[in-house]
Amino acid sequence: MDIDGAIVLVVDDIEENLQVLSDTLTQAGLKPLQARNGERALQVAAKARPELILLDVKMPGMDGFETIERLKAAPETADIPVIFISALSQLEDKVRGFRAGAVDYVSKPFQREEVLARVGTHVRLRRALERAEAERRKADRLLDAILPPGIARELKDEGRSAPRSYAEVSVLFTDLAGFTKQAAGLRAEELFGELDDIVGAFDRIVAEEGCERIKTIGDAYFATCGIPDAKPDHAARLARAGLRMRDWLDERNRSGGRRWLMRLGLHSGPAVAGIVGTSRMLYDVFGDTVNVASRMESASEPMRLNASAASAASLGEGFAVEHRGDIEAKGRGAVAMCWVDWR
């Protein structure tokens, strides 16, 4: 049956009841544990975490009502369902039991078939709830992986996330120079292994600088700062992230293996961001700032960070800025650009 192997704690001060219930559960493929009083039940439940507890009410010392109260008060046992099995069969006794947190109530003398039916129902329900909770956690992890944390929380809490306009953010684009030519000579496993290693390192650096990776498109890497949370030093943060990414790749090249070179482009300005799609959600950023940042990357050179004058002007200390003058950018005309590096 689909409840095979379920651990059920039987709590009763009468040896005969313990034995009958334990034998009944064993014959049905379950694994019974025993406790002869409330104090022992608390200890066994905390250690073994059974899927269900069958609890007598009238016991010397700590009775069933006090036992369930303490079970529900302890975080490690609060979610374990409890079925009362008691000779107290008056309506007020059953109501008190349900109010205390019991999921069911069986009157003594009990029938084995009834006990098994009720046990099976509640074990199946608990397992179904655990599967649902596991799926929810999996969905939460997936949302956290594809959406910025604040946006993911908003979507989980409210069921939607409205698009937002941002007055001032920074956008970084990078790509691997000569990627198409090198990729043609690699097996699929090798290519994805290289990209996984590089993107993983870039993600770590971007997160450490308080920025957000928006997406990757092939070998292109698209990151922002100031979205979804405003940051006054967004340009400096993203410039640091870009230079650290370049330095990491340079160090990786020195350590052997396949050699990659990257171009980087940075621009700052207004943007709009939000979730696109329903069945396959994507958090994306739109606006002229994104387009200009892409042009900065295209106009860059291998292992150099090319920034617009707008970004370079707000970097502050710690950076060396070399003005390149106005350079033609596809679809933009002449744009003031700067090389940016560590001071």
Side-chain angles (χ1 to χ4, degrees), residues 1-9 29-31 33 42-54 68-83 100-104 118-164 192-193 195-217 221-225 227-229 273-285:
M1 56 193 307
D2 57 351
I3 60 172
D4 283 355
I7 299 174
V8 179
L9 172 59
L30 291 86
K31 297 180 179 179
L33 302 175
L42 296 177
Q43 295 171 358
V44 175
K47 182 177 181 180
R49 305 288 181 87
E51 294 183 58
L52 184 69
I53 298 175
L54 299 178
I68 193 173
E69 180 180 347
R70 292 178 59 176
L71 284 168
K72 297 304 178 183
E76 64 271 22
T77 56
D79 65 339
I80 301 175
V82 175
I83 298 177
V103 297
D104 212 336
R118 293 177 185 266
V119 166
T121 294
H122 291 291
V123 169
R124 292 186 192 96
L125 178 59
R126 177 178 172 82
R127 289 183 173 183
L129 291 173
E130 288 177 343
R131 287 194 296 270
E133 178 61 20
E135 289 300 317
R136 186 194 65 78
R137 289 194 298 268
K138 186 188 299 183
D140 285 350
R141 288 195 296 270
L142 179 60
L143 283 178
D144 291 338
I146 65 176
L147 300 175
I151 302 300
R153 283 194 301 271
E154 182 181 348
L155 190 62
K156 286 182 279 189
D157 293 343
E158 303 179 17
R160 65 184 300 273
S161 177
R164 294 181 176 85
F192 277 84
L195 288 175
D196 186 59
D197 187 38
I198 293 169
V199 171
F202 287 2
D203 282 349
R204 174 182 55 79
I205 293 169
V206 164
E208 288 173 354
E209 293 295 344
C211 306
E212 291 286 342
R213 188 250 281 183
I214 301 301
K215 60 184 174 181
T216 60
I217 307 170
Y221 190 97
F222 174 14
T224 67
C225 192
I227 296 176
D229 300 317
I275 296 175
V276 178
T278 53
S279 60
R280 293 187 178 182
M281 291 182 293
L282 172 68
Y283 186 78
D284 213 344
V285 181

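Scope of the values below: all heavy atoms of this structure, side chains included, with no hydrogens, waters or symmetry mates.
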Quick check: does any side chain N or O of [X] sit under 3.5 Å from a backbone N or O of [Y], one acting as donor and the other as acceptor?
X	Y	answer
K72	A78	yes
T77	L71	yes
R49	E76	yes

Value for CZ (R126) from CD (E133), rounded to nearest 0.5 Å, stands at 11.5 Å
query: Say you draw a straight line from CD1 of I214 to CZ of F222; how long is it, rounded to the nearest 0.5 Å?
result: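 Result: 5.5 Å between the selected atoms.
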When you compare the side chain of [Y] with that of [X], does any pair of heavy atoms fall below 4.5 Å?
X	Y	value
S161	Y283	no
V199	D203	yes
L52	R118	no
D140	R136	yes
T216	F202	no

Identify the two heavy atoms, one from [X] and one from [Y], that lie closest to each other, and give their separation to 0.1 Å.
X	Y	result
H122	I83	CD2-CD1, 3.7 Å
I80	A45	CD1-O, 4.2 Å
G120	I3	CA-CD1, 3.7 Å
G5	E51	O-OE2, 4.4 Å
A100	I68	CB-CG2, 3.6 Å
C225	G210	SG-O, 3.8 Å

Q | Carboxylate-amine/guanidinium proximity below 4.0 Å for E130 and R127 | A |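 Result for this pair is no, no salt bridge flagged.
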With a 4.0 Å cut-off, would you call R131 and E135 a salt bridge? no
Original post:
Do other residues, nucleotides or ligands put more than 12 heavy atoms under 6.0 Å from R213 CZ?
Top reply: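 Yes, the 6.0 Å shell around CZ holds more than 12 heavy atoms from other groups.
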